[in-house]
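Everything numeric in this text was worked out from a predicted model, so none of it was measured.
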Amino acid sequence: KFQRFYIVSSSESSESEIDPKKLPALSITANDVRYDERRFGELYLETLPNQSGMQIKSLQLTSPFSNVKATGSWQMLNKRNNTRLKGTLASDKFSDLLTQWGVNTSSLVSSTANANFDLNWAGAPYDPTLDKISGNLSFLLGHGRVVHLSGSTEAKMGLGRMLSILNFQTIPRRLSLDFSDLFENGYSFDSMEGSFKLQNGNAFTDDMRFEGPVAIIDIAGRIGLKAKDYNLKLGVTTHMTSSLLPAAIGAVNPIAGVATWVVSAMVSKATSHEKATYQYQIRGPWDNPTGEKMGS
């Protein structure tokens, strides 16, 4: 039992890895677990030895921001460590959780989150890296907003860089109307969900979706976690109805919403009950992706 359990990363080569086959059965509790500056809250860990290493019978991380539950294994295979974890994550303060975990959240504001994962990597349980993790991850985020999507976002490290692909100012004009000024305060979404297959330093998805009052954004393709690049297709389906247009704009800027009501009334016949879908190809490095409209 620990009051504090802090792990510090090392830049040295880990040739002399811990052999989990030499570890006894463990029952560990800790009130404050940290990895470098990342805070994970309270820990409960129970393990049992087996022929190839250890079974992770129960792993729980509990904090004011989340509850993580997992099972798995830590094995020595071909003289190298290998870890597998399968479990769930639930959070009602997701943005705060990512901050505690040391993830740059300057471009994402979200409340609830639920995720299921089945992941494995070469290394010990305490030393995963994005370029080595393989497996499957699915998630659902509740109401939130993608914010601060300016050119400066692309120069930042972390989550903001990935979200910069949703910058409406960098996607070619998909409509005859210019909405760029309406998105200065961010893209509001009702939900964000999808699944990823992680393999060889890449994250593949064919069902990632943002649903919002202005548009639905579908994303499919590859995110290079090791190469730090994109190869994605975006489908943007706009909600161009006479009732949704002022409501959606009003959610971003109430004054603009009132003014737009007059405009929407003038074009209500042309836009009522219509939706338009536009396809884009996003390629290139995280810090300088290019967007190209597909089709006519």
Side-chain angles (χ1 to χ4, degrees), residues 9 14 35 38 68 70 72-75 77-78 80-89 94 97-98 101-108 110 113-141 146 149 153-167 170-171 189 191-210 216-236 279-294:
S9 61
S14 57
Y35 181 80
R38 302 167 190 170
V68 178
S73 61
W74 180 9
Q75 299 176 310
L77 302 175
N78 299 320
R80 299 301 301 269
N81 277 320
N82 184 272
T83 299
R84 180 183 180 185
L85 286 178
K86 181 179 181 180
T88 61
L89 176 149
F94 186 59
L97 171 65
L98 293 180
W101 286 6
V103 178
N104 184 344
T105 60
S106 61
S107 294
L108 177 66
S110 182
N114 290 279
N116 295 282
F117 55 88
D118 186 352
L119 306 172
N120 64 84
W121 60 90
Y126 52 83
D127 193 26
T129 56
L130 282 177
D131 59 339
K132 294 181 180 180
I133 294 178
S134 299
N136 298 291
L137 168 69
S138 62
F139 65 92
L140 171 64
L141 303 186
V146 179
L149 293 180
T153 301
E154 297 177 356
K156 297 176 182 178
M157 293 296 293
L159 189 63
R161 232 176 216 184
M162 291 189 177
L163 293 173
S164 68
I165 61 174
L166 299 177
N167 189 346
T170 61
I171 293 178
F189 58 85
S191 65
M192 172 183 171
E193 63 181 318
S195 61
F196 286 98
K197 180 178 178 63
L198 306 180
Q199 186 176 19
N200 299 325
N202 294 293
F204 299 92
T205 182
D206 59 8
D207 61 359
M208 187 173 174
R209 166 171 284 198
F210 288 78
I216 295 174
I217 302 175
D218 291 300
I219 302 175
R222 180 187 63 83
I223 298 174
L225 303 176
K226 184 176 183 179
K228 298 182 179 180
D229 64 347
Y230 299 116
N231 188 357
L232 298 169
K233 291 182 180 179
L234 270 66
V236 181
Q279 302 289 333
Y280 300 90
Q281 183 79 49
I282 308 296
R283 291 191 179 98
W286 290 3
D287 58 352
N288 189 30
T290 59
E292 178 181 354
K293 187 174 181 179
M294 302 169 61

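- The main-chain N or O of N81 is never found under 3.5 Å from a side-chain atom of Q75 such that the two would form a donor-acceptor pair.
- Atom CG of N114 sits about 8.5 Å away from atom OG1 of T88, to the nearest 0.5 Å.
- With sequence neighbours left out, the side chain to side chain donor-acceptor pair (under 3.5 Å) criterion links T129 to D131.
- Across Q279 and G235, no two heavy atoms sit closer than the pair OE1-CA, 3.7 Å.
- Remark: the backbone N or O of G123 is paired with a side-chain donor or acceptor of T83 at under 3.5 angstrom.
- Residues I219 and Y230 are not in side-chain contact: their nearest non-hydrogen atoms beyond the backbone lie 4.5 Å or more apart.
- Here the CG-NZ distance, from D206 to K233, works out to 12.0 Å after rounding to the nearest 0.5 Å.
- Taken to the nearest 0.5 Å, the OG atom of S73 stands 7.0 Å off from the CG atom of N82.
- Taking all atoms of both residues into account, the shortest heavy-atom contact from S195 to F139 is N-CE2, 4.5 Å.
- Using a 4.5 Å heavy-atom threshold, the side chains of L232 and I223 count as touching.
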(message) Evaluate R283 against D229 for side chain to side chain contact (heavy atoms under 4.5 Å, CB included), listing each step before the verdict.
(response) CA-CA 7 Å; R283 291 191 179 98; D229 64 347; over 6 Å; no

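- Side chains of I217 and M208 form no contact here, defined as non-hydrogen atoms less than 4.5 Å apart.
- Between the CG atom in N136 and the CG atom in L198 there is a gap of 7.5 Å [rounded to 0.5 Å].
- Looking only at side-chain heavy atoms (C-beta outward), L225 and I133 stay at 4.5 Å or farther from each other.
- In this structure, K226 and K132 have side chains that are not in contact, with every pair of non-hydrogen atoms separated by 4.5 Å or more.
- Under the salt bridge (Lys or Arg N to Asp or Glu O under 4.0 Å) criterion, R209 pairs with E211, D218, sequence neighbours left out.
- Remark: D207 engages no residue in a salt bridge (Lys or Arg N to Asp or Glu O under 4.0 Å) (not counting sequence neighbours).
- Contact record, G224 with N202: CA-OD1, 3.4 Å, taken as the closest heavy-atom pair.
- Between I216 and F210, every side-chain heavy-atom pair lies at or beyond the 4.5 Å cut-off.
- The local environment of CZ in R222 is crowded, with over 12 non-hydrogen atoms from other residues, nucleotides or ligands closer than 6.0 Å.
- Between L85 and L119 there is no side-chain heavy-atom pair separated by less than 4.5 Å.
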